[in-house]
Amino acid sequence: MESLPLAEQPRSLEIGAGNGSVARIIAEELNGRVQAIDLDVDHLASSPGVEAFQHDIRDGVPTGPFDLIHARFVLVHLPARREKFARLVNELAPGGWLVIADMSIAGLLLSAPEATNHDLWHRYYHAASHIVGPAAGHDYAWAEQVESEMYSAGLIDISAEHLTPLARGGGPWARYHTNLSLQAHEALLGAGLSRADLERFRTMLADPTFRARFFTVTYTVGRKPGRCSRRPSDARGTAFR
């Protein structure tokens with residue numbers, strides 16, 4: 001985002017802000033003013049340049065116009081993702097940038113502490129990505145379609161970058177997937193895994209010899225035609241629609 005030509009003091013929307021790390025980067029490094037929204041704001045607090053709100057994007061998109069809209073790991077989970085995508089484009093200011101980051105399937109086990117873990121890995125991955133996720137409305141093909149959607153929406157200066165994080169045993173990405181397995185525990189049981197399977201899976205992810213690539217991340221950016229306008233420094237955010 002630092003490379004994007006933005007208006008002075010860009011008015012920005014951060015969707016699925018988590019603990020606010022990206023929102024703070026926008027505020028501090030881009031001199032922006034950010035509306036940061038998430039379903040859970042226990043770890044999200046307002047800070048200089050950042051206004052934090054508890055909000056469900058399924059209930060509506062905050063009112064723009066915004067010079068920058070960033071959403072990471074959000075639209076992939078929404079059955080009405082194309083409708084929300086269209087609303088995000090609509091809320092961009094002329095010359096404003098839309099930055100979408102979403103995940104798609106990788107499913108590559110590189111090393112595991114025991115040979116029997118390979119079968120467990122494939123059964124877990126199938127249950128999570130082909131049963132539990134789709135049943136909840138997730139579309140893991142969406143990330144690769146965002147670029148085409150941006151072209152269809154009339155955005156310009158479109159580009160995409162694909163990353164494939166490596167999950168190391170006990171590391172951040174392994175802990176992330178451990179947490180996902182805990183959140184989806186009952187659904188995974190319903191998809192055919194046993195409690196013993198899930199315990200073994202979490203033990204495997206904590207082992208320092210474990211290496212896997214769970215998913216790819218695609219960052220796609222596009223700009224709304226028009227010129228960025230410089231906004232007054234005393235501009236205020238507007239209420240949600």
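All residue numbers in this chain count up from 1 along the given sequence. None of the values given here were measured: they were computed from a predicted structure.
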For Asn179 and Tyr176, indicate whether the former's side chain and the latter's backbone hold a donor-acceptor pair under 3.5 Å.
no
If two hydrophobic side chains count as joined below 4.5 Å and joins carry through other members, does Ile131 share a cluster with Leu189?
no
Determine whether Leu98 and Ile156 fall in the same hydrophobic cluster, where Ile, Leu, Val, Met, Phe, Trp and Tyr are linked whenever their side-chain heavy atoms lie under 4.5 Å apart.
no
Quiz question: by atom type and distance under 3.5 Å, do the side chains of His162 and Thr218 form a donor-acceptor pair?
yes
Test your reading of the model: is there a side-chain donor-acceptor pair from Asn90 to the backbone of Arg87, 3.5 Å cut-off?
no
Looking only at non-hydrogen atoms, find the nearest pair between Pro62 and Leu13 and report the distance.
CG-CD1, 3.8 Å
Within the 4.5 Å heavy-atom criterion, are Val146 and Trp142 side-chain neighbours or not?
yes
Mind checking the NZ-CG spacing from Lys84 to Leu78? Nearest 0.5 Å is all I need.
8.0 Å
Which word best sums up how the rings of Phe73 and Phe215 line up, parallel for under 30°, tilted for 30 to 60°, or perpendicular for over 60°?
perpendicular
Hey, does the side chain of Glu91 reach the backbone of Gly64 with a donor-acceptor pair shorter than 3.5 angstrom?
yes
Taking atom NE2 as the centre, does His43 end up with more than 12 heavy-atom neighbours from other residues, nucleotides or ligands that are less than 6.0 angstrom away?
no
Contact between Arg33 and Gln9 at the side-chain level, heavy atoms closer than 4.5 Å - yes or no?
yes
Working for side chain to side chain contact (heavy atoms under 4.5 Å, CB included), residues Leu4 and Val99
CA-CA 10 Å; Leu4 301 180; Val99 181; 4.0 Å; yes
For the atom pair CG (Leu109) and OH (Tyr124), what is the distance rounded to the nearest 0.5 Å?
13.5 Å
Do you know the tightest heavy-atom contact between Asn19 and Leu44?
C-CD1, 4.1 Å
Evaluate the side-chain proximity of Leu166 to Trp173: yes if any heavy-atom separation is below 4.5 Å, no if none is.
no
Working for side chain to side chain contact (heavy atoms under 4.5 Å, CB included), residues Ile100 and Asp102:
CA-CA 7 Å; Ile100 301 292; Asp102 265 321; 3.8 Å; yes
When rounded to the nearest 0.5 angstrom, what distance separates CG in Asp67 from CD in Glu8?
11.0 Å
Tell me if a side-chain donor or acceptor on Arg211 pairs with a main-chain N or O of Pro208 at a distance below 3.5 Å.
yes
Do the non-hydrogen side-chain atoms of Pro165 and Arg213 ever get within less than 4.5 Å of each other?
no
Kindly work out whether a path of hydrophobic side-chain contacts (I/L/V/M/F/W/Y, heavy atoms less than 4.5 Å apart) joins Leu180 to Val217.
yes
So, Arg202 and Ser181: side-chain donor and acceptor under 3.5 Å apart, yes or no?
yes
When you group the ILVMFWY residues by side-chain heavy-atom contacts below 4.5 Å and let the links chain together, are Ile69 and Ile25 in the same group?
no
For the atom pair CZ (Arg11) and CG (Leu68), what is the distance rounded to the nearest 0.5 Å?
12.0 Å
Indicate, with yes or no, if Val74 and Val41 share a hydrophobic cluster defined by side-chain heavy-atom contacts under 4.5 Å among Ile, Leu, Val, Met, Phe, Trp and Tyr.
no
Return the minimal non-hydrogen interatomic distance between Ala27 and Val50, and the atom names on each side.
CB-CG2, 3.7 Å
Flag the pair Asp197 / Arg123 as yes when at least one side-chain heavy-atom distance between them is below 4.5 Å, and no otherwise.
yes
Shortest non-hydrogen contact from Tyr125 toward Ala106
OH-N, 3.3 Å
Please state whether the rings of His138 and Tyr140 are parallel, tilted or perpendicular, taking 30° and 60° as the class boundaries.
perpendicular
Separation of Leu110 CG from Thr209 OG1 (nearest 0.5 Å):
11.5 Å
Donor-acceptor pair, side chain of Lys224 and main chain of Leu92, under 3.5 angstrom
yes
Is the backbone N or O of Gly170 less than 3.5 Å from a side-chain atom of Arg175, with the two atoms forming a donor-acceptor pair by type?
yes
Let me confirm one number: the OG-CH2 distance from Ser3 to Trp97, rounded to the nearest 0.5 Å.
7.5 Å
Using 30° and 60° as the class limits, which term best fits the ring planes of Phe214 and His177: parallel, tilted or perpendicular?
parallel
Please give me the minimum heavy-atom distance between Ser47 and Arg24, naming the atom from each residue.
OG-CG, 3.8 Å
Answer yes or no: is there a side-chain heavy-atom contact under 4.5 Å between Arg200 and Thr116?
yes
Could you give me the CA-CA distance, side-chain angles and deciding distance for Arg168 and Phe210, then say whether side chain to side chain contact (heavy atoms under 4.5 Å, CB included) is met?
CA-CA 6 Å; Arg168 297 177 173 87; Phe210 172 81; over 6 Å; no
Over 12 foreign heavy atoms within 6.0 Å of CZ, Arg72
no
Looking only at atom types and distance, does a side-chain atom of His70 sit under 3.5 Å from a main-chain N or O of Gly16, one as donor and one as acceptor?
no
Checking side-chain polar atoms at under 3.5 Å, does Thr216 have a donor or acceptor matched by the opposite partner on Ser104?
yes
Verdict with reasoning, Leu163 to Glu161, per side chain to side chain contact (heavy atoms under 4.5 Å, CB included)
CA-CA 7 Å; Leu163 308 173; Glu161 181 177 358; 3.6 Å; yes
Taking the side chain as C-beta and beyond, is there a heavy-atom pair between Glu114 and Met204 under 4.5 Å?
no
Identify the heavy atoms of Asn117 and Ala112 that sit nearest to each other, and give their distance.
CB-CB, 3.7 Å
For the residue pair Arg81 / Gln145, report whether a side-chain donor-acceptor contact shorter than 3.5 Å exists.
no
